[in-house]
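Written below as structure tokens is the structure these notes are about.
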Amino acid sequence: MVKYNHQSVEKKWQAYWENNQSFKADNFSEKPKFYALDMFPYPSGAGLHVGHPLGYTATDIICRKKRQQGYEVLHPMGWDAFGLPAENYAIKTGVHPSVSTHDNIKNFRRQIQSLGFSYDWNREVDTTNPQYFKWSQWIFLQLYKKGLAYEKSMDMNWCSKCKVVCANEEVERGRHERCGEMVSKKELKQWMFRITDYAERLLNDLDELPEWPDKIKVMQKHWIGKKTGINIDYFVEGIKEAITCFTTRPDTNFGATFLVLAPEQGFIKNHLNKFPNKEAVEMYIKESLAKSDIERMSEGRKKTGVFTGLYVLNRLNNKKIPLYVGDFVLANVGTGAVIGVPGHDLRDFEFAQIFAIEVERVVVSSDGDVSSIVRPEQVQEEEGKMINSEFLNGLEIMEAKERIMDYFEKKGWGKRVVNYKLRDWIFTRQRYWGEPIPLVHCEKCGVVPVPESELPLELPETPNYEPSETGESPLSKVTDWVNTTCPKCGAPAKRETSTMPNWAGSSWYWLRFMDPHNKKEFCSKKAEEFWGPVDLYVGGAEHAVLHLLYSRFWHKVFYDLGLVHTKEPFKKLVNQGLILSFAYENKDGVLIPIDEVEEKNGKFYHKEKKEEVFRIVAKMSKSLKNVVNPDEIVREYGADTLRMYEMFMGPFEQSKTWDSGAVAGMRKFLDRVWRFFQANKFDENTDKTLLPIIHKTIKIVSDHIDEFRFNTAISQLMVCFNELQKNSKMGQKEAESLVLLISPFAPHLAEEIWNKYLGHEETLVFANWPIYDESLLVENNVTYAIQINGKVRGDFQIDKETKKEVVIAHAKRIERVQKYLEAGEIVKEIFVPGKIVGFVVK
RNA sequence: GCUCGGGUGGUGGAAUUGGUAGACACGCAAGACUUAAAAUCUUGUGACCUUAACAGUCGUGCGGGUUCAAUUCCCGCCCCGAGCACCA
């Protein structure tokens, strides 16, 4: 017996694949195409995490199977390499980001290649390479020329730790998603993209993505946040300017008893002098604007506000209602002004309680309560019939809503509108390590795009990468770069010094992979028509509304420009689950690094303090020392073991916990497979009794790979080999089928067996994927379970063709069954073909 | 608070048109081989009760319901995870 030497075998086949260009994808193939894409990684200094190979292995399995099924497969890999870590490292050490990025890429490439993925490395891209970002800049100019980019000065999300502006999508619960720092507001001038122009299509086209997880579609839907309602104008006596309120519930408008403006609302600025309570209002606004987001959030739902002294007219019932300023009304939601209906909106009710504003009931819900509304539980927002609302009385709220909107529009008091939560994409950043924005500011001509012939516009060298507190890019200090001439008039001009966000490179990279060496176009029409759209896209769910929304937006712009032929970039999307690791905490919840913990009789103790600690599951982190390094697994057990273990851990989309013991178990299985092929000769005909299990395995493995159920595909392979250990009389054809079934999971081992024990000179990369014979799937005998009153009381085997009556009669003759049948009378007989015989006995 | 997922042995997980719950694996235990260990192979392994053996009772987060039959369907709760969050 020769032991399986994973180190030499894996090296050998990786070299073979590379020398033979086995995975090179052909843009002009006659075969049907299949394009599988992994979310390309940011090459961090920490190296590959075991979470990366999870997704990469899944796509690789699919790709290897597709190749064997006769597809031309595009499976590329690259680097999303612009980003803050490299830049922060540069600030600390003075090392140019391109140097550390290059080193990190080298390490990532080595690690990824050690796992034997079938990538076409000829197509590798790097977003920081000028030959790549030339086209990112070119795309920016296309959007600019189409009027989708504009410069605007407004309150931006500002991260004072990273010293950078963030997009709304990058703010999580008021914090910067990268670093966790609270985001503040800073008035800055930035370049924006009109993603809101595409809101409707980004929303509607989700319906054209049946192969996307519902979860992601729901999240995008919420993020876009489409709301239909009406803008109603209200007037203060003596002031011409209207206060416009957006509402989705105009049906309750007869119950309006106040109006609240956001502190930042323009009406206040314009007419503050006419406010009787001017001083109080000014003071309140000053206070609330000084509040940080932390303070606002910690106040929770507690409402504050101030009466302006003014009244507005509700023209529906000619009532004068008080005008307030309150910071629970957000300036950037709707119109920044809210009509208060305390009877049927909980927030309005809370506000009304504090200021002792009257509450009117205009809806009676199905509980029939018609009493005056004094408790929050009585605030009915969902359903009911109208009362106290004149011509609306008796109508259901949805009907009333339509009726009153017609009325408002007819009177000219309001206008139906659609509002979106989505806001325009803040695109520029004030940092060094990103694509320079290809624009020039000329005193005469204004903003002038850099001519396409001058792209790429490369980053200048600078001794100082430090960003500034005031939102100035480090590029602004490189004066000989900033000072240029206007491409239009030749006069002295200044370059735009902001850079693009790290989302830029990833918002179109799937197109570059189709045609990565094209010097004339970002991607040729022909290549795009052949490869597009991406058939399968695999990656983490953390990009649900960031990368995936931006990519869809750009792709739609490309579609409008005639650059791509599909509306959507990614046909099928699958999200992998997180890989977690064990960690320990003591009874006070203090986390303990794993190397300070020892196990005794199934319990865990702190080595020095001797106190008992408890095992928990946590994200892998340096401080807990529970990070698993893929290099070590590859060295000790081999790439095939790592690949198979990660696929076997559990359902692909679910979070899983790393278990080192189970890794060794997977290696044991591969050793068993190796020994099986080494120990047997395959020159006879296969034993007929083995055919059902082999064909069943072909079917299950094939189906489950397509369904991303890799764990059950592998368990079927195990079941099959367990069976074969009892009877191994097998011919060449069946032996080949089994090796091919394993090959997508453990390609190195499979190639070695294919070559060494099955006598093939050629690689199995293009061997035909096995096909099962339907007639061989079923065994001749089936097992019937006998149920009496629903409880299983025995079973028996019988020929699968046996008729119902015969099966039932057979069941009745079984001794153990008779015991139960004699206890009463059979009132019902149940027969499920091939499965169940049941009796109901009374 | 709202919106999506989930709760199955000591552990990871199988069982998705209602039909033998616990496949497959990890762990554990016993045995074979060995001077010994590792490796490998064999057997057992949900709980309870009982046994010479068969058998029996309970069991898929909790409480109800539908059904001959429920992890699966319905109603009402509890817990965990993710996302959104004063969105008018």
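Quick note on labels: first sequence line is chain A, next is B, and so on, each numbered from 1. Just so it is clear, the structure is predicted and the values come from calculations on it, not from any experiment.
Taking the syn range as angles within 90° of 0, the glycosidic angle of B/G9 is syn.
In this structure, A/Ile216 atom CD1 and B/A82 atom P are separated by 15 Å, rounded to whole Å. Across the protein-nucleic acid pair, A/Lys215 atom NZ and B/G5 atom P stand 10 Å apart, rounded to whole Å. As a whole-Å value, the separation of A/Leu578 CG from B/G83 C1' is 14 Å. If you measure from atom CG of A/Asn332 to atom P of B/C86, you get 11 Å, rounded to the nearest angstrom. Going from atom CH2 of A/Trp212 over to atom C1' of B/C4 covers 17 Å, rounded to whole Å. For A/Lys804 and B/G19, the NZ to P distance is 19 Å, given to the nearest whole Å. Remark: P of B/G1 and CD of A/Glu377 are 14 Å apart, rounded to the nearest angstrom. Between A/Ile616 atom CD1 and B/C80 atom P the separation is 15 Å, expressed in whole Å.
A/Phe676 comes within 4.0 angstrom of nothing in the nucleic acid, heavy atoms only. Using a 4.0 Å heavy-atom cutoff across all strands shown, A/Thr783 reaches at least one base atom of the nucleic acid. When heavy atoms are screened at a 4.0 angstrom cut-off, A/Lys656 is found touching no nucleic acid atom at all. Residue-level contact check: A/Glu829 touches neither bases nor backbone, having no heavy atom under 4.0 Å from any strand. Within the 4.0 angstrom heavy-atom criterion, base atoms lie near A/Lys421. At a threshold of 4.0 angstrom between heavy atoms, the contacts of A/Arg709 are confined to the sugar-phosphate backbone, with no base atom among them. Counting any heavy atom pair closer than 4.0 Å across all strands shown, A/Asp345 reaches no nucleic acid atom.
Between the side chains of A/His344 and A/Arg361, not a single donor N or O lies within less than 3.5 Å of an accepting N or O. Using modelled atom types, one finds no donor on one side chain facing an acceptor on the other under 3.5 Å when comparing A/Asp795 with A/Thr783. A donor atom on one side chain and an acceptor atom on the other are not found under 3.5 Å apart for A/Glu646 and A/Thr57.
Across B/U3 and B/C77, the matching P atoms stand 13 Å from one another, rounded to whole Å. Comparing B/G5 with B/G63, their C1' atoms are spaced 23 Å from each other, to the whole Å. B/C78 and B/G19 have their C1' atoms separated by 30 Å, with the value rounded to a whole Å. Remark: the separation of the C1' atoms in B/A21 and B/C75 is 25 Å, to the nearest Å. When the P atom is used for both B/U72 and B/U16, the distance is 13 Å, rounded to whole Å. Rounded to whole Å, the separation between the C1' atoms of B/C33 and B/U40 comes to 9 Å. Rounded to whole Å, the C1' atom of B/A69 lies 11 Å from the corresponding atom of B/U20. Comparing B/C79 with B/C41, their P atoms are spaced 47 Å from each other, to the whole Å.
Here the side chain of A/Lys828 is nearest to one of B/C84, B/U20, B/C68, namely B/C68. Taking the side chain of A/Asp795 as heavy atoms from C-beta on, and the options B/U3, B/U20, B/C84, the nearest nucleotide is B/U20. Taking the side chain of A/Arg675 as heavy atoms from C-beta on, and the options B/C86, B/C41, B/C4, the nearest nucleotide is B/C41. Distances from the side chain of A/Pro651 to the nucleotides B/U20, B/A88, B/A14 place B/A14 closest.
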Practice prompt. Show the numbers, then the answer: is there a salt bridge (Lys or Arg N to Asp or Glu O under 4.0 Å) between A/Glu200 and A/Lys226?
Written response: CA-CA 8 Å; A/Glu200 194 63 26; A/Lys226 180 179 178 175; 2.8 Å; yes

Item to complete: Verify side chain to side chain contact (heavy atoms under 4.5 Å, CB included) between A/Leu202 and A/Gln220, making sure each step is shown before the conclusion.
Response: CA-CA 9 Å; A/Leu202 287 166; A/Gln220 291 214 353; 5.8 Å; no

Worksheet item: Stepwise, does the salt bridge (Lys or Arg N to Asp or Glu O under 4.0 Å) test hold for A/Asp671 with A/Arg675?
Response: CA-CA 6 Å; A/Asp671 281 335; A/Arg675 281 196 302 272; 5.1 Å; no

Worksheet item: Could you run down nucleotides 21-26 of chain B 5' to 3' and tag each one B, S or - for protein heavy-atom contact under 4.0 Å?
Response: --BBSS

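Using a 4.0 Å cut-off, some side-chain N or O of A/Arg793 falls inside it from OP1 or OP2 of B/G56. Using a 4.0 Å cut-off, no side-chain N or O of A/Lys835 falls inside it from OP1 or OP2 of B/U20. For B/C68, neither phosphate oxygen OP1 nor OP2 lies less than 4.0 angstrom from any side-chain nitrogen or oxygen of A/Tyr820. Taking 4.0 angstrom as the limit, A/Lys791 places a side-chain polar atom (N or O) nearer than this to OP1 or OP2 of B/C58.
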Worksheet item: Using Watson-Crick and G-U wobble pairs with both distances under 3.5 Å, what is the 5'-to-3' dot-bracket string of RNA chain B, with [ ] for crossing pairs and | for pairs outside the strand?
Response: (((((((..(((......[....)))((((((.......))))))(((.......)))..(((((..]....))))))))))))....

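Judged by closest nucleotide on RNA chain B, A/Asp671 is the one of A/Val171 and A/Asp671 placed further toward the 5' end. Position along RNA chain B of the nearest nucleotide to A/Phe246 versus A/Phe582 favours A/Phe582 as the more 5'-ward residue.
At least one side-chain heavy atom of A/Lys656 sits under 4.5 Å from a side-chain heavy atom of A/Leu54. Put simply, the side chain of A/Ile798 does not reach to within 4.5 Å of the side chain of A/Asn781, judged on heavy atoms. Taking the side chain as every heavy atom from C-beta outward, A/Met620 and A/Val628 approach each other to under 4.5 Å.
A/Phe351 and A/Tyr324 have perpendicular rings, their planes meeting at more than 60° on a 0 to 90° scale where under 30° would count as parallel. Between A/Tyr4 and A/His6, the ring planes are tilted. Angles from 30° to 60° get that label.
Geometrically, A/Arg667 does not engage A/Tyr637 in a cation-pi contact, judged by NZ or CZ lying under 6.0 Å from the ring centre and within 45° of the ring axis.
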